[in-house]
Structures are given as C-alpha cells and as structure tokens.
Amino acid sequence: MTDSGKSVVAQRTRLKICGLTRRTDIDAAIAAGADAIGFVLWEGSRRAVTAEQLARLTNRLPPFVSRVGLFVNASAQQVEQCLPWLDVLQFHGDESPLDCATFGVPWFKALRMKQGLDLAEQVERYAQANALLLDAWVPDMPGGTGQRFDWQRIPAALAPSIILAGGLTADNVGAAIHQVGPYAVDVSGGVESGPGTKSVAAMQAFANAVRQADATRLPA
Ligand SMILES: O=C(O)c1ccccc1NCC(=O)[C@H](O)[C@H](O)COP(=O)(O)O
C-alpha cells in the first residue's frame, strides 16, 4: 500500500534484449518473450548497426515489441535518420534532458552507477524521462560491459520505475528481480555466444528466469 492508502499492484517485469545485429536473433528474442529489442547505433560497439542495417532488421516485425535505439552523444541528424525504425530512444552519453527530449518520442537515459554518483541529483535532472536505466560503470565503456553493480545502491522508492542493466544472466536475474523489483530488466552480453551474436538457448533461459522470478513474487 502507498502512503495514500492506494494499493500498488506489482507489475510483471518487462524484458529488453539488447545489442541485436541479426534477424534470426531478433525473431528468437521476440519468440522468447522480449517486450523490447535494442539496437546499438554507436560505432564504437562490437554490436553496432548502421541506420541502413536497422531499417532492414526491423522490416515487418510483429506488433507489440518496442524497437529501442541506443545512442552515445550522437548528433541530432544521426538520431533523426533512425527515427522511422524506432519506438524509443536510449541515451548513454552526456546528453542533456533537452537533447533527449528534442525528438518528440519516448526516451530513457542510462545512468552508469559510478562510485560517488549523486543518483538523486540525476533522477531529478532527468525527471522528464520515460524511464531511467541503471547500468554498471566501467571506464571508457558507455554500456554493454557485462559487469554488475551493487543493486543495494538502488533506493526502494525508485526501483519500480527503473530498468535494471549490467551483467545480468539467467543465473542472477531472478535474484535481481526479487532484490530490486525493477520495472524492467535489460540484457546484452549475458545472452550472447559471441559479440553481437545472441544464443537462442540463453535468451530463452533468461526469459524463463524472469517469468519464474515473477511467478514467485507476484500474487497469483
Ligand atoms: O551493448 C553495447 O555494446 C553498448 C555500447 C554502448 C552503449 C550502450 C550499449 N549497450 C546498452 C545496453 O542497454 C546494454 O544492454 C546494457 O548496457 C547491459 O549490457 P550487458 O551488461 O552486456 O548485459
């Protein structure tokens, strides 16, 4: 129950599978139950795709799956050329709230949980975001690190609105869901057989672990 006495209905945990580069992997991610699929539009990533590849990869996808474009300090032109094939924008660089909001589509900001980060200040700064993604901090790696951060650093009041990322796997995502209770979980490296190459079995195992965690967390 909230302070206002309103009951808070725990929501099922949404799932984003990120860093997709092949149509076969996309189809498998959707079949596994991904609510969102992520494409890295930053050429410094081993999972990078171009706008032209994004157009081909997202051609005639089934409905009800959000297409997320990931950017790191991209120019407005670089983002705009991808908009026809995206539903949500994810920013991993030094983008200001105005930079993020300027495109008029839903967006979320990645906050890398460096020691000493003033999380409350960042939450206030990006208050207009549709969500915040909390990720590990690794020098010179804006995302996709395969590293966890201490989930206990996430304030309980913030947890139901965040997307939890960083080093998640089928083996630890259940504990993450039970400990944090995030709105969504986001995975890239933990479901790969190689850089940018997803494992169908690993995606299925990860999605099953999310459902299993919810089954033991949510009211029947
Ligand atoms: O995945 C990347 O290579 C990447 C590169 C630059 C910016 C963001 C990137 N990924 C963002 C994501 O949303 C990842 O899914 C997230 O960082 C978690 O990655 P992982 O720890 O490998 O699960």
Side-chain angles (χ1 to χ4, degrees), residues 13-22 25-26 29 32 34-51 53-54 57 65-75 78-79 82 86-95 99-100 106-114 117 126 129-151 153-154 162-177 180 182-199 202-207 209-210:
T13 308
R14 268 61 174 187
L15 169 58
K16 171 174 169 266
I17 296 179
C18 195
L20 292 155
T21 64
R22 305 187 307 174
D25 294 348
I26 293 167
D35 298 285
I37 50 178
F39 302 94
V40 181
L41 284 305
W42 177 63
E43 60 187 25
S45 169
R46 53 192 183 168
R47 305 176 178 114
V49 296
T50 64
Q53 289 169 324
L54 175 67
L57 288 168
V65 179
S66 292
R67 301 161 298 171
V68 184
L70 284 72
F71 299 91
V72 182
N73 299 323
S75 69
Q78 287 169 321
V79 175
C82 297
L86 296 174
D87 303 295
V88 188
L89 305 178
Q90 180 175 324
F91 295 101
H92 275 256
D94 306 315
E95 300 86 354
D99 293 335
C100 298
W107 60 276
F108 51 91
K109 184 68 178 74
L111 302 177
R112 297 158 64 206
M113 297 293 281
K114 184 177 183 180
L117 175 76
Y126 291 100
N130 292 83
L132 294 174
L133 179 142
L134 303 187
D135 204 346
W137 181 85
V138 173
D140 303 321
M141 288 187 74
T145 69
Q147 301 298 312
R148 278 186 50 183
F149 67 94
D150 181 1
W151 302 327
R153 296 175 57 197
I154 302 169
I162 62 107
I163 301 165
L164 180 61
L168 294 179
T169 68
D171 293 333
N172 67 23
V173 71
I177 290 170
V180 176
Y183 170 75
V185 291
D186 174 309
V187 63
S188 190
V191 292
E192 284 186 341
S193 53
T197 302
K198 303 307 182 188
S199 156
M203 288 192 285
Q204 290 171 339
F206 191 92
V210 172

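The residues of the chain are indexed from 1 along the displayed sequence. Both ligands and their constituent atoms are indexed starting at 1 by order of listing.
A donor atom on one side chain and an acceptor atom on the other are not found under 3.5 Å apart for K198 and T21.
With distances taken over non-hydrogen atoms, the option nearest atom 14 (C) of ligand 1 out of T145, D186, V191 is D186.
For ligand 1, the polar-atom distance check finds an N/O of R47 within less than 3.5 Å of one of the ligand's N/O atoms. Considering backbone and side-chain atoms together, G189 places an N or O closer than 3.5 Å to an N or O of ligand 1. At under 3.5 Å, a nitrogen or oxygen of G167, whether backbone or side chain, sits near a nitrogen or oxygen of ligand 1. Checked against a 3.5 angstrom limit, the closest N/O atoms of G144 and ligand 1 fall inside it. On a distance-only criterion, P142 and ligand 1 share no N/O pair closer than 3.5 Å.
The protein non-hydrogen atom at the shortest distance from atom 3 (O) of ligand 1 is S45 OG, 2.7 Å. Counting protein heavy atoms only, atom 13 (O) of ligand 1 is closest to Q90 NE2, 2.9 Å.
The nearest pair of heavy atoms linking Q147 to V138 is CG-CG2, 3.8 Å.
One finds a salt bridge joining D87 and R67 here, because a Lys/Arg side-chain nitrogen approaches an Asp/Glu carboxylate oxygen to under 4.0 Å.
With a 4.0 Å heavy-atom cut-off, ligand 1 is reached by the backbone of S188 and by its side chain too.
Listed by atom number, the atoms of ligand 1 under 4.0 Å from L70 heavy atoms are 8 (C), 9 (C), 10 (N), 11 (C), 12 (C), 13 (O).
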